[in-house]
Amino acid sequence: MTAQAQPTTSYFVNHAISTWNLIRSERPLIHCITNTVVQNFTANVLLATRSSPAMIDIPWEAGEFARYASASLINLGTLAPAQQISVHEAAASAQAHGRPWVLDPVGIGVLPVRTRIAHELLTYHPTCVRGNASEIIALAGGDSSGAGVDSRESVIAAQAYAEDLAAHHNTVVAVSGPCDVITDGDRTIFCSNGHEWQSIVTGSGCALGAFIAAFLAVEETSNLAAVVAAHICYGVAAERAAACSSGPGSFVPAFIDTLYSLDDDAIAAYAKVQ
Amino acid sequence: MTAQAQPTTSYFVNHAISTWNLIRSERPLIHCITNTVVQNFTANVLLATRSSPAMIDIPWEAGEFARYASASLINLGTLAPAQQISVHEAAASAQAHGRPWVLDPVGIGVLPVRTRIAHELLTYHPTCVRGNASEIIALAGGDSSGAGVDSRESVIAAQAYAEDLAAHHNTVVAVSGPCDVITDGDRTIFCSNGHEWQSIVTGSGCALGAFIAAFLAVEETSNLAAVVAAHICYGVAAERAAACSSGPGSFVPAFIDTLYSLDDDAIAAYAKVQ
Amino acid sequence: MTAQAQPTTSYFVNHAISTWNLIRSERPLIHCITNTVVQNFTANVLLATRSSPAMIDIPWEAGEFARYASASLINLGTLAPAQQISVHEAAASAQAHGRPWVLDPVGIGVLPVRTRIAHELLTYHPTCVRGNASEIIALAGGDSSGAGVDSRESVIAAQAYAEDLAAHHNTVVAVSGPCDVITDGDRTIFCSNGHEWQSIVTGSGCALGAFIAAFLAVEETSNLAAVVAAHICYGVAAERAAACSSGPGSFVPAFIDTLYSLDDDAIAAYAKVQ
């Protein structure tokens, strides 16, 4: 093995294993402002990691709780009027108190309220932005043909936008797809774990945003490595769960079971990252 | 086979098969304003059909999205104040842009806010109204003893009300029960597929409303046939799922799995329509 | 068997069996104002008991429905502005019309909006207050280190607070934990049924609040015995469900299946109460 500037694949896999174990021992408190469609699944995903989720999304409480928690997720999926206020409170509080937070700009592009709010939230410096290709292109100012919450764009088409967005806002950007693209603007990593049923289970992407927050909550060295670690563990669990499911319905409980018992050996054996 | 004015049972079964396959190939974008209790299950039901669900329910976005989507569902189960505005936006937009939409008047009758709004929404000409017997009787102006979201009335008691409502508003009315009654005011069809556990799984009826919207999204000839097709496919999947479940809990993932893999043979073999 | 002032263990177990059967035959209408994270699971838990759940949580309807229902649950988990109004409506209506109701003060202590509202709601005399140790200590005026929705306090630490709270407000207080403490201020009962996975499934405690409401809805002699009965049945079902699950994901459908088919023999054989 020779000296080199860039981390190796094995670095990311080993980092994923150590971060995963850190979450399970530290049990970080994760604050989620997320859409009502996926709150239940998101909370159960976090609980399976041994994190402690709290869906505190009302004005006067969201800002207070963002300071109190180890990390926050702000997901724009169903921005009821009170949430339109509380997302600002929470993002400002997370920034002010040095807490990591993840922005998931669900469905931005064609939808006016969330598109404006997503751009406003960027000014509070999210630690990570996660979305599908259409959402990331739209957030980076590109011309997306985004159709609501499902992406019509390929992940590869979004790569340059993701890199620009990450460099410009000093954040980590993750584009979800069959092959996930994760970049801090300097280095770009590709994770190809996962299963097609994830796109047929509502909230798979949204819960990944909360999952990333748990990894950032315990991270000490590299936000990029933490986000890559989250994608590895999530994707490996999805693959192993699909292998013992009959379809996207039975996949959901199997995914939670698999996450709950995911161990070092499975991560090391199945991780696909480069 | 002789010439006849009325469609035969085999017409409805064949139509169900062809519409089901059309949804799976066209993957329509389905807009849902629905209650927070059932959003997750509803989205997963739509995804199992290969439709693309989007739960866009806030003012300024709901109307825009109703134009953009192939069909909309408006369900009145949990009408938070913002939804009380957005349902009007969405219904007006769907009507203005010629998009099919389904009205599900959950729990109307005794509850004042939703009862008023349901009647207002009728003026935007829903393509289909789906409810239980109490809700349909209440919407048609009858004296329902409706008890919240579960019906105390028999489906047969609601048939005449359903026919009047359909004829008066030029819509298709579907009354859910052990035997579903579906009418356009001229013809009345009876579907008896389904399983008793559907009444013990929250959102079975609400998700059916979204499921109907997917069928209307790809329909080209007969709204009545599309709504009948939805009931056939939904009920057959429920029966097949119950056959491999241990109770109403395991029925839920089994139902999603069964929908995901439902094929022509199963529809043809098990459809019960007359 | 000798005469005695205090009920015996067998009294509580027999009472649990008879109340369970009463719910299944009377099918009470249970009104829930609860948080959006757990509405779906809560409704399915109630349906598995054969109760009829209705999540009516908007102003102008919540008060009306609290009168109409057999019992209500008021859970403060996600208090959107409209719910901040409707919880007062519902509690006032339940009190005025003599309907039993359960208060679940989720996450009070550090969070300002819900902490204030929980104390206000106490003035409407809840029939039962259910929470974790941190929440009960905070409601009783103690100095809780409560961290959001998970308790950092032991149940035993909360016992004296629970007894004071029950005596002062003439209610039954239930503290959830590995061993549940249930008290009316005069007598204190301990239930140790349940499984550790309940703490890894979001809404296990919240749904228990609704479950208690179903028991109070049919109770005629002792609110304390009704709340104890709910804990016995819920905990026994959890234990039996865990025995046939692979992890907290598959536990959820198994728990619903087990509740649905829970019978006298299982309650009698597995109840742990003293």
Side-chain angles (χ1 to χ4, degrees), chain B residues 34-44 55 76-84 106-117 132 134 145-152 196-207 241-242 245-257, chain C residues 27-70 78 80-86 237 241 244-245 249-262:
Chain B
T34 193
N35 68 78
T36 48
V37 187
V38 306
Q39 285 180 323
N40 186 276
F41 180 61
T42 300
N44 281 333
M55 271 57 185
L76 309 184
T78 53
L79 277 174
Q83 272 201 358
Q84 295 177 28
V106 180
I108 69 162
V110 295
L111 295 165
V113 177
R114 64 191 67 200
T115 302
R116 170 179 57 76
I117 290 176
N132 63 35
S134 294
S145 59
V149 297
D150 289 323
S151 183
R152 307 297 187 197
E196 62 177 307
W197 286 341
Q198 290 176 280
S199 68
I200 305 181
V201 170
T202 195
S204 288
C206 296
S245 304
S246 310
S250 50
F251 172 77
V252 172
F255 179 62
I256 299 290
D257 285 355
Chain C
R27 311 175 81 117
L29 181 59
I30 307 300
H31 173 217
C32 300
I33 300 180
T34 192
N35 68 78
T36 49
V37 187
V38 307
Q39 284 180 321
N40 185 277
F41 180 61
T42 301
N44 281 333
V45 163
L46 285 175
L47 285 164
T49 71
R50 313 306 196 272
S51 300
S52 180
M55 271 58 185
I56 309 295
D57 65 353
I58 58 174
W60 301 106
E61 291 193 347
E64 177 73 12
F65 203 74
R67 178 178 66 82
Y68 192 70
S70 297
T78 54
Q83 272 201 0
Q84 294 176 28
I85 297 167
S86 60
C244 57
S245 305
S250 51
F251 172 77
V252 172
F255 178 62
I256 299 291
D257 285 355
T258 306
L259 266 185
Y260 180 73
S261 59
L262 189 70

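Each chain gets a letter, A, B and so on, in the order the sequences are listed, and its residues count up from 1.
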Identify which part of C:Pro81 has an atom lying under 4.5 Å from any heavy atom of chain B, answering side chain, backbone, both or neither.
-> neither
Given that the side chain runs from C-beta out, which part of C:Glu61 has a heavy atom under 4.5 Å from chain B: side chain, backbone, both or neither?
-> both
Between C:Arg27 (side chain) and C:Leu47 (backbone), is there a donor-acceptor pair under 3.5 Å?
-> no
Which one of C:Val38, C:Ile58, C:Asp57, C:Ile256 has the most heavy-atom pairs closer than 4.5 Å to chain B?
-> C:Ile58
Of the options B:Asn40, B:Thr36, B:Thr202, which is the one that meets C:Gln39 in a side-chain hydrogen bond (donor to acceptor under 3.5 Å, both in side chains)?
-> B:Thr36
Heavy-atom side-chain contact between C:Cys244 and C:Asp257 under 4.5 Å | no
For C:Ser51 and C:Ile30, work out which heavy atoms get closest and say how close.
-> CB-CG1, 4.0 Å
